[in-house]
Amino acid sequence: MKTSQKVAGATANYVDERTGAAKWLKKNLTKVFPDHWSFMLGEICLYSFVILLMTGTFLTFWFDPSQREVIYHGSYLPLSGVHMSAAYDSTLHLSFDVRGGLLMRQIHHWAALIFMSAIVAHLFRVFFTGAFRKPREFNWLIGIGLLTFGIVEGFLGYSLPDDLLSGTGIRIAEAILQAIPVVGSYLAFFAFGGPFPGTAFIPRIFIVHVLLLPGLFLALITIHLMLVWYQKHTQYPGPGRTEKNVVGYPLMPVYMAKAGGFFFIVFGITAFLGAVASINPIWLYGPYTPGQISAGSQPDWYMGWLDGLVRMAPPLETHAFGHTISWNILIPGLFIPGIIFTGMALYPFIESWITGDKREHHLLDRPRNAPNRTALGVMSITFMLISLANGGNDIIATHFHLTINAIMWFTRIGLFTVPPIAFVITKRVCLSLQRADRDLVLHGKETGRLVMLPTGEMVEVHEPLSDAKKWTLTQHQQPDALPAPLPASATVGLKGKFRARLNRANATQIPAATLTDLKELGDGHH
């Protein structure tokens, strides 16, 4: 034991004398991170990405990214003698003839779904708690980039097997490319190496899927973690927590142990799903043939909202100057996603402009204390859910015995009416929760115990909150309207008036209980 300790100490001393690593490690391994269950959402993204890299590497050893035509003679007898691409043939070989191949395929697919789900959930947490505010705008942009690249990476990944279902998705992607005015046809020819389906698309997207986009992911995730490390992690409000400190546990040994255990939990759940829950059974769909389409074709959930938008678009086209503009593809397939993702990326700067808040923020908001932001987020989620529902309108119609036209018109109308209603309701709920917090601080918790006063009046006894709970419910900084007197440029013209109007809407709040309010109540509350 002593010998091994001497060897370890000598090795550490040797490295430190040449790199100076001891001082850096001592400083950084004791770095403090706050503790909250929602912070694990980002860890799930990281761990599922590691699982994707490991399983993806395994799959590349047997996958043949080629569209050359072969005749299948493998173990799956229903497709024996069928003409298919080498990509589809090698995927069948992976699934039925390679030991552990099907398990790895399914773990890979489940890890991709978990990865995208965790990114979306993580972005929700960051948005609703205001973690994107200064100085973390760049990390928010990186998160939007990871979401965007994740959608593209997932689409390319499930397109690689060249089965009938994925081929239908590729056909839709080609239609969206062709809908771009003037240059659309040229872009489609470039992507497919000629007329659809061509023979170059699968090899090209294979390189993008296994090389280019994973490299981008590694770079963005590394920068993201470096920024979190440098800027320090945000924390939820609580006693002793300020904008100037971090209350939590050191990286070593607490978080290193937690991270290691949590990685194996994520890996175990993903492996369990891959073992017991069948996903993407391509042998049931058959090889892709341009003249065929499978009934009930559905993309993975993170692409379903886009498919739903395309499905609900009315048949609008314009013919001018020898060109056809397909608005029914261009608007839902390019314009609306472009507006959504651009708005998401710019939102930190938009909110800062509306509120005039240029301060650094390291304490998170409770969603109820930012009613406008929370209502906007719920409105956006409602928009996406309605679009996603329409992406499965044929499945919904057959399962619930409805007509596709009825579902189509419901989602068309609901896309414009339900999100604004969700905004109003959410904002009112947030304000009601603020009012409930104020009453809780001023009057305490209801105990359900009734007491008769000497006068005969029956009153309920309230239990006062602890000082820590009162502080948590009242510590938030409520947004004020733009300061007066305003600079001339702030209210002059349409832009200034629009900003002032948005600011007034954002400043709608229920005043938090103050020490003065408590003193005024005195013993008057029950």
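Numbers for residues simply follow the sequence, beginning at 1.
Across Gln106 and Ile279, no two heavy atoms sit closer than the pair OE1-N, 3.2 Å. Between Ile404 and Ala397, the shortest heavy-atom distance links the atoms CG1-CB, 3.8 Å. Listed here is the closest heavy atom pair of Lys427 and Ala505: NZ-O, 3.1 Å. The shortest non-hydrogen separation linking Thr374 to Arg368 is OG1-N, 4.4 Å. The two residues Ile176 and Ile329 come nearest to each other via the heavy atoms CA-CG2, 3.6 Å. Residues Asn245 and Val247 share a closest heavy-atom pair of ND2-CG2, 4.0 Å.
Distance check: Glu153 CD to Thr148 OG1 gives 13.0 Å after rounding to the nearest 0.5 Å. Distance check: Leu363 CG to Gln235 CD gives 5.5 Å after rounding to the nearest 0.5 Å. Summarising the geometry, atom NE2 belonging to His361 is positioned 9.5 Å from atom CZ belonging to Phe132; distances are rounded to the nearest 0.5 Å. Residue Met226 holds its CE atom at 14.0 Å from CD1 of Ile221, rounded to the nearest 0.5 Å. Note that OG1 of Thr382 and CG of Leu415 are 10.5 Å apart. Values are rounded to the nearest 0.5 Å.
When each of Tyr47, Phe149, Phe217 is tested with Phe115 by the rule ring-ring contact (aromatic ring centres under 6.0 Å, His included), just one qualifies, namely Phe217. Paired with His108 under the rule side chain to side chain donor-acceptor pair (under 3.5 Å), one option of Asn280, Thr55, Thr270 passes, and it is Thr55. Each of Thr355, Asp365, Thr234 was checked for a side chain to side chain donor-acceptor pair (under 3.5 Å) with Arg133, and the lone residue meeting it is Asp365.
A donor and an acceptor atom, one from each side chain of Asp394 and Gln298, are located under 3.5 Å apart.
Here Arg311 pairs with Asp307 in a salt bridge; the nearest charged N to carboxylate O distance falls below 4.0 Å.
Ring orientation note: the planes of His233 and Phe33 are nearly perpendicular, at an angle over 60° on the 30°/60° scale.
No more than 12 heavy-atom neighbours from other residues, nucleotides or ligands sit within 6.0 angstrom of CE on Met452. Atom NZ of Lys244 has 12 or fewer heavy atoms from other residues, nucleotides or ligands within 6.0 Å.
Taking 4.5 Å as the limit, every side-chain heavy atom of Val126 sits out of range of all side-chain heavy atoms of Arg136. Side-chain atoms of Ile142 and Leu227, non-hydrogen and from C-beta on, do get closer than 4.5 Å to each other. Here the side chains of Asn372 and Glu351 are not in contact, with every heavy-atom distance at 4.5 Å or above. A 4.5 Å side-chain heavy-atom check between Met54 and Phe267 finds at least one atom pair inside the cut-off.
Geometrically, Lys258 engages Tyr249 in a cation-pi contact, judged by NZ or CZ lying under 6.0 Å from the ring centre and within 45° of the ring axis.
With ring centers used as reference points, Phe127 lies under 6.0 Å from Tyr347.
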Problem - Test side-chain contact (heavy atoms from CB on, under 4.5 Å) applied to Asp300 and His109, step by step - result: CA-CA 10 Å; Asp300 282 340; His109 202 134; 3.1 Å; yes
